[in-house]
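For reference, the structure discussed in these notes is given below.
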Amino acid sequence: MNLYHKPSGAETRWISFEHSTLERGSAGQRNKGAKGFPFDSVRAGETKTLMDIHASGTIRRIWITVGDRSPEMLRSLRLEMTWDDATIPAVSVPLGDFFGIGLGRTVAFESGLFSNPEGRSFNCCVPMPFRRSAKVTLTNDSDKDLLHLFYDIDLTIDEHELNDLYFHCTWRREQPNTLGEEFEILPHVKGSGRFLGCNIGVIVDPRYDGAWWGEGEVKFRFGGESEPTLCGTGTEDYIGTGWGQGQYMHRTQGCSVADSEKNQWAFYRYHLDDPVWFDGGCQASIQTIGGTSLEKVLQLQSAGVPILPITIDNGVLGGFTRLLELDEMPDLVTAFEPTNWCNFWREDDWSATAYYYLDHAEGTFSLPSVQSRIAGL
């Protein structure tokens, strides 16, 4: 970062309720300039326009805080961003999830893209370029009025090169996921660009009685291919830890929620140092696989819990049995020891926010209903 070079013609603006235009010398004029319009309310069902400008520029920082920071409200507030007068927003996500607040649970943290200094405010420093216009709105999809909304969008007025990409963000949830299938972090999008990262929330089905849920591998498919080009080795492996997953928060990877009592986990990975570039489209997914002792797997199966065993690890060299490659499924009771580790497909409640750049401004996805967003929180 060159801190002392000023690009020719570049200017800075801060957009808030105190100043919503690009006009110079006109900020903070309400109440004779004495803190006249620091916040506003958002009634139930209302959409508040936070920014609507026509210029070429780059959003550099977004700060927001709201009076109601309950999980239900943070999932009910819909944040949308539209670049260059596109017909579909490039960003359409719950407010809390956008800022890395997994499952609506606010904790103090700092990462390379987002921060929540004391658990009461939301910061984003993802650069978001636009060439002709930028519009940011916040809609209250709940049935409850939001009394206090404070915000600040910091941007620079500047020009962009032809290969500069547009920022996109999408959110989705499966409650539960389909047994034996991957959960899509990012369904297939067209175009060329960069997958910037994701944050994921899991509400574990208590029927699995504490069995580990995080054995699934993250996979990337490019250009519409049926098989992945990139593949990880496990859920906690993807976010840089191993042998389970506790709470920690680092610059590019972390786990903000690790609550075995409430069966909730929330974690993130941002590809700042290891870019994921793609051409012809991108799809990202994670396998919904868990693991525990074979004895417990058999007990859960007999109790009718949804389980599909896939591998057995008996803890010795060469002792990893790939059940799905066998011509016939063996009798798991007699073929293996009850203490052997068994990986299996399972069903849980998965949600994910995906951040990415594309070579076009037009969005692809709309946000699901507020009822599906807040159910079970």
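Computed over heavy atoms, backbone and side chain alike; hydrogens, waters and symmetry mates excluded.
Within the model, atoms CG of Asp141 and CG of Leu367 stand 7.0 Å from one another, a figure rounded to the nearest 0.5 Å. Leu95 CG to Thr139 OG1: the interatomic distance, rounded to the nearest 0.5 Å, is 11.0 Å. Note that the CG atom of Asp331 and the CE atom of Met329 stand 11.0 Å from one another [nearest 0.5 Å]. Going from atom OH of Tyr356 over to atom CZ of Phe167 covers 9.0 Å, rounded to the nearest 0.5 Å. Rounded to the nearest 0.5 angstrom, Phe150 CZ and Ser16 OG are separated by 11.0 Å. In this structure, the separation between NE2 on His188 and CD on Glu225 is 10.0 Å, given to the nearest 0.5 Å.
Screening residues 86-100 for side-chain hydrogen bond (donor to acceptor under 3.5 Å, both in side chains), with sequence neighbours left out, gives Arg75-Asp97, Glu80-Ser92, Thr87-Glu362, Asp97-Trp171. The list of side-chain hydrogen bond (donor to acceptor under 3.5 Å, both in side chains) pairs with a residue in residues 31-45, not counting sequence neighbours, reads Asp40-Lys48. Within the structure, side-chain hydrogen bond (donor to acceptor under 3.5 Å, both in side chains) pairs that include any residue of residues 234-246 comprise Thr233-Asp237, Tyr238-His271 (at least two apart or interchain). Sorted by first and then second residue, the side-chain hydrogen bond (donor to acceptor under 3.5 Å, both in side chains) pairs involving residues 124-136 (not counting sequence neighbours) are Asp85-Ser133, Arg131-Tyr166.
Taking 4.5 Å as the limit, every side-chain heavy atom of Cys169 sits out of range of all side-chain heavy atoms of Met81. At a threshold of 4.5 Å between non-hydrogen side-chain atoms, the residues Pro38 and Glu18 count as touching. Side-chain contact between Leu77 and Asn140: present, with at least one pair of heavy atoms (C-beta onward) separated by less than 4.5 Å. Residues Pro187 and Arg172 form a side-chain contact, since some pair of their non-hydrogen atoms from C-beta on lies under 4.5 Å apart. By the 4.5 Å heavy-atom criterion applied to side chains, Gln29 and His19 are not counted as neighbours. Side-chain contact between Ser76 and Ile374 is present, with heavy atoms from C-beta onward closer than 4.5 Å. Proximity of Phe122 to Leu74: side-chain heavy atoms (C-beta onward) are separated by under 4.5 Å at one or more points. Two residues are said to be in side-chain contact when any heavy atoms from C-beta on lie closer than 4.5 Å; Leu50 and Ile15 fail this criterion.
Residues that satisfy the salt bridge (charged side-chain N to carboxylate O under 4.0 Å, His left out) test with Asp259, not counting sequence neighbours, are Arg105. In this view, Asp143 satisfies the salt bridge (charged side-chain N to carboxylate O under 4.0 Å, His left out) rule with no residue, not counting sequence neighbours. Residues passing the side chain to side chain donor-acceptor pair (under 3.5 Å) test with Ser8, sequence neighbours excluded: none. Applying the salt bridge (charged side-chain N to carboxylate O under 4.0 Å, His left out) criterion to Asp313, with sequence neighbours excluded, gives no partner residue. Residues passing the side chain to side chain contact (heavy atoms under 4.5 Å, CB included) test with Cys125: none are found, sequence neighbours excluded. In this structure Phe344 satisfies the ring pair (Phe, Tyr, Trp, His ring centres under 6.0 Å) test with no other residue, sequence neighbours excluded.
Using bins of under 30°, 30° to 60° and over 60° for the plane-to-plane angle, the ring pair Tyr268/Tyr270 lands in the parallel bin. Taking the six-membered ring where the residue is Trp, Trp213 and Trp350 present perpendicular rings, their angle passing 60° and hence far from 30°. Under the 30°/60° scheme for interplanar angles, the aromatic rings of Phe130 and Trp83 are found to lie parallel.
Proximity of a side-chain donor or acceptor of Arg60 to a complementary backbone N or O of Thr156 within less than 3.5 Å is not detected. Remark: the backbone N or O of Ile312 is not paired with any side-chain donor or acceptor of Asn340 at under 3.5 angstrom. Here the side chain of Arg13 pairs no donor or acceptor atom with the backbone of Thr21 at under 3.5 angstrom. At distances below 3.5 Å, at least one donor-acceptor pair connects side-chain atoms of Gln247 with backbone N or O atoms of Ser256. Side-chain N or O atoms of Asn177 include one that pairs as donor or acceptor with a backbone N or O of Asp348 at under 3.5 Å.
By the criterion of side-chain heavy atoms lying less than 4.5 angstrom apart, applied directly or through intervening Ile, Leu, Val, Met, Phe, Trp or Tyr residues, Val91 is grouped together with Leu196 in one hydrophobic cluster. Both Ile286 and Val276 sit in one connected hydrophobic cluster of ILVMFWY residues. Membership requires side-chain heavy atoms under 4.5 Å apart, directly or through other members. Note on Leu146 and Phe37: same hydrophobic cluster, where clusters join Ile, Leu, Val, Met, Phe, Trp and Tyr whose side-chain heavy atoms are under 4.5 Å apart, directly or indirectly. Residue Met249 is grouped with residue Tyr355 when hydrophobic side chains (ILVMFWY) are merged at heavy-atom distances under 4.5 angstrom, including chains of intermediate members. Under the 4.5 Å side-chain heavy-atom criterion for ILVMFWY residues, a single connected hydrophobic cluster contains both Met73 and Val93.
In plain terms, the two heavy atoms of Asn123 and Pro117 that are nearest each other are ND2-CD, 3.4 Å. The two atoms that bring Leu155 and Ile153 nearest to each other are CD2-O, 3.8 Å, heavy atoms only. For Trp341 against Ser293, the heavy-atom pair with the smallest separation is CE3-N, 4.4 Å. The minimum heavy-atom distance linking Trp345 with Glu182 is given by the pair CZ3-N, 4.2 Å. Smallest separation of non-hydrogen atoms from Trp265 and Ser260: CH2-CA, 3.8 Å. When every heavy atom of Pro306 is checked against every heavy atom of Glu347, the shortest pair comes out as CG-OE1, 3.7 Å.
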**Q.** Steps toward side chain to side chain contact (heavy atoms under 4.5 Å, CB included) verdict (Phe17, Tyr151)
**A.** CA-CA 8 Å; Phe17 291 124; Tyr151 81 98; 3.7 Å; yes

Q: Evaluate the criterion side chain to side chain contact (heavy atoms under 4.5 Å, CB included) for residue pair Ile239 and Ile200; output intermediate values, then yes/no.
A: CA-CA 11 Å; Ile239 59 171; Ile200 297 174; over 6 Å; no

Q.
Run the side chain to side chain donor-acceptor pair (under 3.5 Å) test on Asp158 and Thr58 for me, step by step, so that the C-alpha distance in whole Å, both residues' side-chain angles and the decisive distance to 0.1 Å come before the verdict.
A. CA-CA 7 Å; Asp158 46 31; Thr58 308; 3.1 Å; yes

Q: Verify side chain to side chain contact (heavy atoms under 4.5 Å, CB included) between Phe222 and Leu230, making sure each step is shown before the conclusion.
A: CA-CA 9 Å; Phe222 302 133; Leu230 307 182; 3.8 Å; yes

Q: Before giving the answer on side chain to side chain contact (heavy atoms under 4.5 Å, CB included), spell out for Thr364 and Ile88 the whole-Å C-alpha distance, their side-chain angles and the decisive distance to 0.1 Å.
A: CA-CA 7 Å; Thr364 307; Ile88 301 175; over 6 Å; no

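Residue Val316 is found outside any hydrophobic cluster, as its side-chain heavy atoms come under 4.5 Å of no other Ile, Leu, Val, Met, Phe, Trp or Tyr.
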Atom pairs and distances, side-chain donor-acceptor, residues 297-304, under 3.5 Å, sequence neighbours left out:
residue	atom	partner	partner atom	Å
Ser302	OG	Leu298	O	3.3
Ser302	OG	Gln299	O	2.7

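Remark: Arg346 is positioned above the aromatic ring of Tyr208, its terminal NZ or CZ atom under 6.0 angstrom from the ring centre and at most 45 degrees off the axis.
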